[in-house]
Amino acid sequence: MSMKEIATKIERKQLLEELDILEKFLGKGQEAVSKEEIIQELKAKEKELLEEISYLEEQEAALGGGEYDLSLFDKSILCEDSDIILRKAIDDDRELYYQLKEKYAYMKSAFAKPEFKDELWQEYLSDESLYYTIAKKEDNTFIGYCGVKNLKRKIWEIAIEIRSEYCHLGYGYRALKMYLETVANISKRHEFASRVDTDNTASQNLMEKLGFQPYGLSEFLLHKEEDKLAAEEEYKDQLDDRYMALAKKFNVEPRKLLSHVLEYRIVV
């Protein structure tokens, strides 16, 4: 079980709900419903979404760390070694960035919408994040990216994704090590967080190799208590020895690993 499996079920449920509304609108297999009934159903779904957004905004506000001066990071190249550079994004990165995000996305259907991809790109360039492209030094090829997701959080959370053809070659470790050391030196912030899926052993190994320590669990896709309990009950048979060892490492109840992601912390 992984958050991707949960995300797939959520995505399927959303699609089925949308199809159900469309069938009612078209009157397939039953009497056509009125326009008012359709509007009421759509409003109910909108209310659920707004409640979810409100909850997430409250969570973010509780972790707020205030504004940050981005002028300290005004160089086009953040850092480099003999093989890779961490630089600001350029337009040539865009399509490869979309492909990378889609490959590792929890809900892939969103990528069918051009506006969603445009929003992703704007988030990548946003002043509220501190993302850098990881590129090969010899030809400036886009390898992946790493960075801070939200500069307004009290503890900056690190994200990294590498194109599959460049995985297991040491690029992720070298890039993130350089990034953390450089950003800590410039910003004078030294504590960072990272969240990893309980099934993503490669990222867990990367965090531990970099010196990140188990910190606890974090909510991700599931926020309502009843949804968490339902996932834990549904997937409880998958709690094998690896999960037990992971639960011991993070000092948590094993079944909680089925409804949360792992959180690591490091002081650089």
Side-chain angles (χ1 to χ4, degrees), residues 1-7 63 65 78-84 86 100-101 103-106 129-134 143-150 153-222 232 235 238-268:
M1 196 286 302
S2 68
M3 280 294 152
K4 284 191 176 180
E5 188 174 342
I6 289 175
L63 298 172
L78 177 69
C79 50
E80 59 186 295
D81 66 12
S82 58
D83 295 314
I84 58 175
L86 269 61
L100 178 61
K101 293 297 291 183
K103 178 176 177 60
Y104 294 113
Y106 286 98
S129 62
L130 191 62
Y131 287 123
Y132 282 87
T133 288
I134 305 167
I143 292 175
Y145 73 91
C146 63
V148 173
K149 294 181 175 183
N150 186 350
R153 290 176 68 105
K154 185 176 180 180
I155 304 297
W156 285 356
E157 182 183 345
I158 299 297
I160 182 169
E161 288 182 325
I162 303 291
R163 290 168 61 192
S164 58
E165 57 265 47
Y166 294 102
C167 288
H168 311 299
L169 298 175
Y171 289 120
Y173 172 78
R174 289 158 59 190
L176 204 47
K177 188 173 187 297
M178 281 197 300
Y179 180 90
L180 288 166
E181 291 172 352
T182 305
V183 169
N185 183 55
I186 294 172
S187 68
K188 307 307 177 188
R189 289 180 178 236
H190 298 280
E191 187 174 10
F192 299 89
S194 179
R195 291 190 292 173
V196 180
D197 196 335
T198 55
D199 268 11
N200 192 341
T201 54
S203 289
Q204 292 166 30
N205 291 337
L206 173 61
M207 292 302 111
E208 292 175 12
K209 185 178 179 181
L210 285 162
F212 280 80
Q213 298 296 316
Y215 184 79
L217 299 181
S218 178
E219 290 185 356
F220 187 55
L221 292 175
L222 303 174
E232 291 166 17
Y235 297 107
Q238 298 186 27
L239 288 172
D240 56 16
D241 290 344
R242 189 188 68 82
Y243 273 105
M244 294 302 175
L246 200 56
K248 184 176 181 180
K249 182 184 291 187
F250 278 79
N251 193 29
V252 297
E253 185 182 347
R255 64 183 290 136
K256 295 299 180 185
L257 296 172
L258 302 172
S259 59
H260 293 74
V261 293
L262 307 172
E263 182 169 343
Y264 290 87
R265 293 281 177 95
I266 190 174
V267 176
V268 181

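For reference, positions follow the sequence shown, starting with 1. Predicted, not measured: the structure shown is a model, and the values here were computed from it.
Across all their heavy atoms, E253 and A247 have their closest contact at C-CB, 4.5 Å. The two residues P254 and L239 make their nearest non-hydrogen contact at O-CD2, 3.6 Å. Closest approach of V196 to S203, counting heavy atoms only: CG1-CB, 3.6 Å. Counting all heavy atoms, side chain and backbone alike, E161 lies closest to Y104 at OE2-CB, 3.2 Å. What you find for Y131 and A159 is that their closest heavy atoms are CE2-CB, 4.3 Å. Contact between L86 and A175 at its shortest, heavy atoms only, is CD2-O, 3.7 Å.
E208 CD to Q213 CD: the interatomic distance, rounded to the nearest 0.5 Å, is 8.0 Å. In this structure, L206 CG and H168 NE2 are separated by 11.0 Å, a value rounded to the nearest 0.5 Å. Summarising the geometry, atom CD1 belonging to I155 is positioned 7.5 Å from atom OH belonging to Y215; distances are rounded to the nearest 0.5 Å. Remark: D199 CG to L257 CG distance equals 10.0 Å, nearest 0.5 Å. Here M178 contributes atom CE and E80 contributes atom CD; the two are 8.0 Å apart, rounded to the nearest 0.5 Å. Once rounded to the nearest 0.5 Å, the distance linking CD1 of I134 with OH of Y179 reads 10.5 Å.
Annotation: Y166, atom OH; neighbour count of heavy atoms from other residues, nucleotides and ligands within 6.0 Å is above 12. D241 CG: 12 or fewer foreign heavy atoms inside a 6.0 Å radius. At most 12 non-hydrogen atoms from other residues, nucleotides or ligands lie less than 6.0 angstrom from NZ of K177.
Legend: residues meeting salt bridge (Lys or Arg N to Asp or Glu O under 4.0 Å) with R255, ordered by chain and number and at least two apart, are E232, E233.
Side-chain N or O atoms of N185 include none that pairs as donor or acceptor with a backbone N or O of E181 at under 3.5 Å. Judged by distance alone, the side chain of R189 and the main-chain N or O of V183 form no donor-acceptor pair under 3.5 Å. Without hydrogens or angle criteria, H260 side chain to E219 main chain gives no donor-acceptor distance under 3.5 Å. Side-chain atoms of D240 come within 3.5 Å of backbone N or O of Y243 as a donor-acceptor pair.
No side-chain heavy atom of R163 sits less than 4.5 Å from a side-chain heavy atom of Y171. Contact of the L262 side chain with the N200 side chain is not registered, since no non-hydrogen atoms from C-beta on lie closer than 4.5 Å.
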Starting from the C-alpha separation in whole Å, work towards a yes-or-no answer on side chain to side chain contact (heavy atoms under 4.5 Å, CB included) for E263 and F250.
CA-CA 9 Å; E263 182 169 343; F250 278 79; 5.8 Å; no
Step by step, work out the side chain to side chain contact (heavy atoms under 4.5 Å, CB included) result for L78 and I186.
CA-CA 10 Å; L78 177 69; I186 294 172; 4.1 Å; yes
